[in-house]
Amino acid sequence: MSRSEIRVRFAPSPTGYPHLGNIRTALFNWLFARHHGGKFILRIEDTDVARKVEGAVENITESLKWLGLDWDEGPYFQSQRLPLYQEIARKLIDQGHAYLCYCSPHRLEEMRQEQIRRKQPPKYDRHCRELTVQQRAQLEASGVTPVVRFKTPLDGETSLHDLIRAKVTFQNDTLDDFILLKSDGYPTYHLANVVDDHLMAISHVLRADEWLSSTPRHILLYQALDWQPPQFAHLPMILGPDRAKLSKRHGATNIVDYQKQGLLPEAMINFLSLLGWSLDDKTELLSREELIKHFTLERVGKTAAIFNKDKLDWMNGVYLRRFTPEQFALQAIPFLQRDLPSSVKRPLDDTYISIIMPLIQERARTLGDVPGLADFFFLDELEYDQSLLIKAMDAVSATKAIETSLESLKSLEAWNAVSVENILRPLATELGLTTSNFFALLRVAITGRTTSPPLFQTMAALGKERCLKRLNNALQKLNPKP
RNA sequence: GCCCUCAUCGUCUAGGGGACUAGGACGUCAGCCUUUCAAGCUGAAGACAGGGAUUCGAAUUCCCUUGAGGGCACCA
């Protein structure tokens with residue numbers, strides 16, 4: 001791999017399922033790689049044994065696959081590369097850039113509490129930084145397993161030229177001697193991340209803004225190891241509606257949940273791409289190819305964004321309406337299978353579905369809306385309140401209207417939207433009703449609700465038999481048998 | 001407490017000194033279309049956090065204040 005090759009990585013830790021923020025980071029890395037013809041690498045940073053979540057790795061790969069964010073290398077697992085980090089840690093100790101620390105978690109915690117109480121920045125007090133040979137031998141003999149700490153320079157400053165934030169400078173004395181290798185032999189994020197980014201020849205690190213503060217540590221590490229650091233680009237964060245960092249408590253954080261809700265990967269990609277990036281002052285709908293073509297870091301913003309589900313749903317509706325009726329039906333079927341009431345017999349009739357789905361398509365924002373919008377097409381018995389039938393007229397008029405309709409429809413041979421309308425529309429005047437009130441009555445009788453797809457198309461789709469049955473049922477509802 | 005970052009309509013954003021009476025989108029409201037809903041169309045309300053400075057001229061540059069976010073773990 002040549003020095004100039006663009007290589008980026010998505011490096012999640014399997015301590016939970018990826019949320020919108022994580023995936024947006026993955027997306028920007030992927031777009032950056034694809035735009036430049038570079039490589040997108042997946043690396044699992046599983047160095048926290050205690051917080052490891054079962055199934056997280058699978059969820060991560062599933063999420064990426066669902067969105068079509070294909071990776072060129074990996075997944076690499078840091079847990080399988082332990083000797084590498086240990087060797088580097090050893091080397092840093094030998095070269096005087098790191099040291100063994102024997103402080104107990106208990107002591108560190110007490111120290112921290114005391115510092116906070118005294119309103120001082122909580123920092124390691126470098127207790128073990130300059131231990132004598134005798135002290136070290138004594139601690140070693142006591143059986144304490146040490147950690148390895150980095151010997152952060154006591155003065156000077158460290159800066160980076162972030163591709164998004166420009167030059168950012170930190171005073172070294174605000175940093176402390178952070179841990180490189182934990183007592184269980186696993187590296188911390190700082191060590192593993194730097195080592196792997198170097199070994200994997202990562203050219204650009206595109207990560208969330210929350211990492212900006214630890215970047216000087218990483219730079220210092222690169223310097224100590226005499227390695228060329230990659231280019232950094234810290235992406236603006238995605239915040240929850242409460243303006244706080246996205247976390248479990250913000251509801252549907254797991255990206256796979258959006259799939260379950262019936263969001264389309266195309267819409268997700270499009271929407272996410274616009275969180276922190278824009279093409280111009282107008283364009284909002286962009287295909288995957290267009291995003292790849294136009295994505296550049298120059299057009300990534302600096303301000304954190306609050307994720308707005310309403311807009312995601314709207315955009316998803318746009319994508320849904322773009323489908324051909326066949327595509328839409330195909331996408332909707334799994335949701336119908338899953339969410340239609342259990343009283344509806346499975347498997348569902350594909351032909352019937354293909355007839356009714358066009359009536360649903362422009363009314364759904366997500367595929368998850370479909371079963372709720374279409375259930376009355378499948379139910380044998382409609383459940384609705386009698387009062388809906390007599391909203392605009394009394395029970396006598398309603399009964400007469402339905403009886404008349406029934407009578408006229410009974411003999412209709414060619415059952416379609418036009419023929420049904422031709423029968424019913426004239427009846428309104430005949431009955432002395434406004435079409436609005438008359439059709440509203442029929443709508444309730446036919447669908448069991450006050451809003452639905454266009455009445456005559458709905459009736460055509462339902463078929464003559466179902467419609468007549470429902471009208472009869474409505475009559476019974478209006479005139480209950482004593 | 002210390003460090004870092006950020007700051008345009010409720011939300012996502014355009015804007016990189018004069019083209020800004022600040023543009024687009026979601027949402028909201030009104031109207032049209034219409035058998036309801038949806039979609040579509042038209043329109044409306046809605047923002048440069050505050051204060052200094054630089055400049056003939058500042059949303060755009062600089063400083064301060066304020067606000068928001070992030071970081072300060074043997075978590076990533």
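Worth saying up front: this structure is predicted, and the values here are computed from it rather than measured.
- Judged by distance alone, with hydrogens and angles left aside, A:R165 brings no side-chain donor or acceptor close enough to the base of B:U5 to form a pair under 3.5 Å.
- Counting any heavy atom pair closer than 4.0 Å across all strands shown, A:T169 reaches sugar-phosphate atoms only and no base atom.
- Between A:D173 and A:K123 there is no salt bridge, since no side-chain nitrogen of the basic residue lies less than 4.0 Å from a carboxylate oxygen of the acidic one.
- Across all strands shown, B:A53 pairs with B:U61; the Watson-Crick or G-U wobble distances both stay below 3.5 Å.
- The 5' end of RNA chain B is approached more closely, in terms of each residue's nearest nucleotide, by A:F271 than by the other of A:F439 and A:F271.
- Using a 4.0 Å heavy-atom cutoff across all strands shown, A:F307 reaches no nucleic acid atom at all.
- Relative to the side chain of A:R363, the nucleotides B:A39, B:C12, B:U36 differ in distance, and B:U36 lies closest.
- The backbone N or O of A:C103 lies less than 3.5 Å from no partner atom in the side chain of A:R107, so there is not a single donor-acceptor pair.
- B:U8 and B:A14 have their P atoms separated by 10 Å, given to the nearest Å.
- Across the C1' atoms, B:U35 and B:A22 are found 44 Å apart, a figure rounded to whole Å.
- In the set B:C6, B:G24, B:U36, the nucleotide with an atom closest to the side chain of A:S452 is B:U36.
- Considering only side-chain atoms of A:W314, the nucleotide from B:A25, B:U35, B:U5 that sits closest is B:A25.
- Taking only side-chain nitrogens and oxygens, A:R425 comes nearer than 4.0 Å to OP1 or OP2 of B:U35.
- With hydrogens and angles disregarded, a donor-acceptor distance shorter than 3.5 Å links the side chain of A:S419 to the backbone of A:N416.
- Here A:R299 reaches the OP1 or OP2 of B:G15: one of its side-chain N or O atoms lies under 4.0 Å away.
- Contacts of A:L455 with the nucleic acid, taken as non-hydrogen atoms under 4.0 Å apart, include base atoms.
- Side-chain N or O atoms of A:R243 include none that pairs as donor or acceptor with a backbone N or O of A:L239 at under 3.5 Å.
- The side chain of A:A305 lies closest to B:C12 when the candidates are B:G23, B:U36, B:C12.
- Backbone-only contact: A:R321 has heavy atoms under 4.0 Å from sugar-phosphate atoms and none from a base.
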**OP:** Classify every nucleotide of nucleotides 70-76 of chain B by which part a protein heavy atom approaches to under 4.0 Å, writing B for the base, S for the sugar-phosphate alone and - for neither, in 5'-to-3' order.
**Re:** BSBSBBB
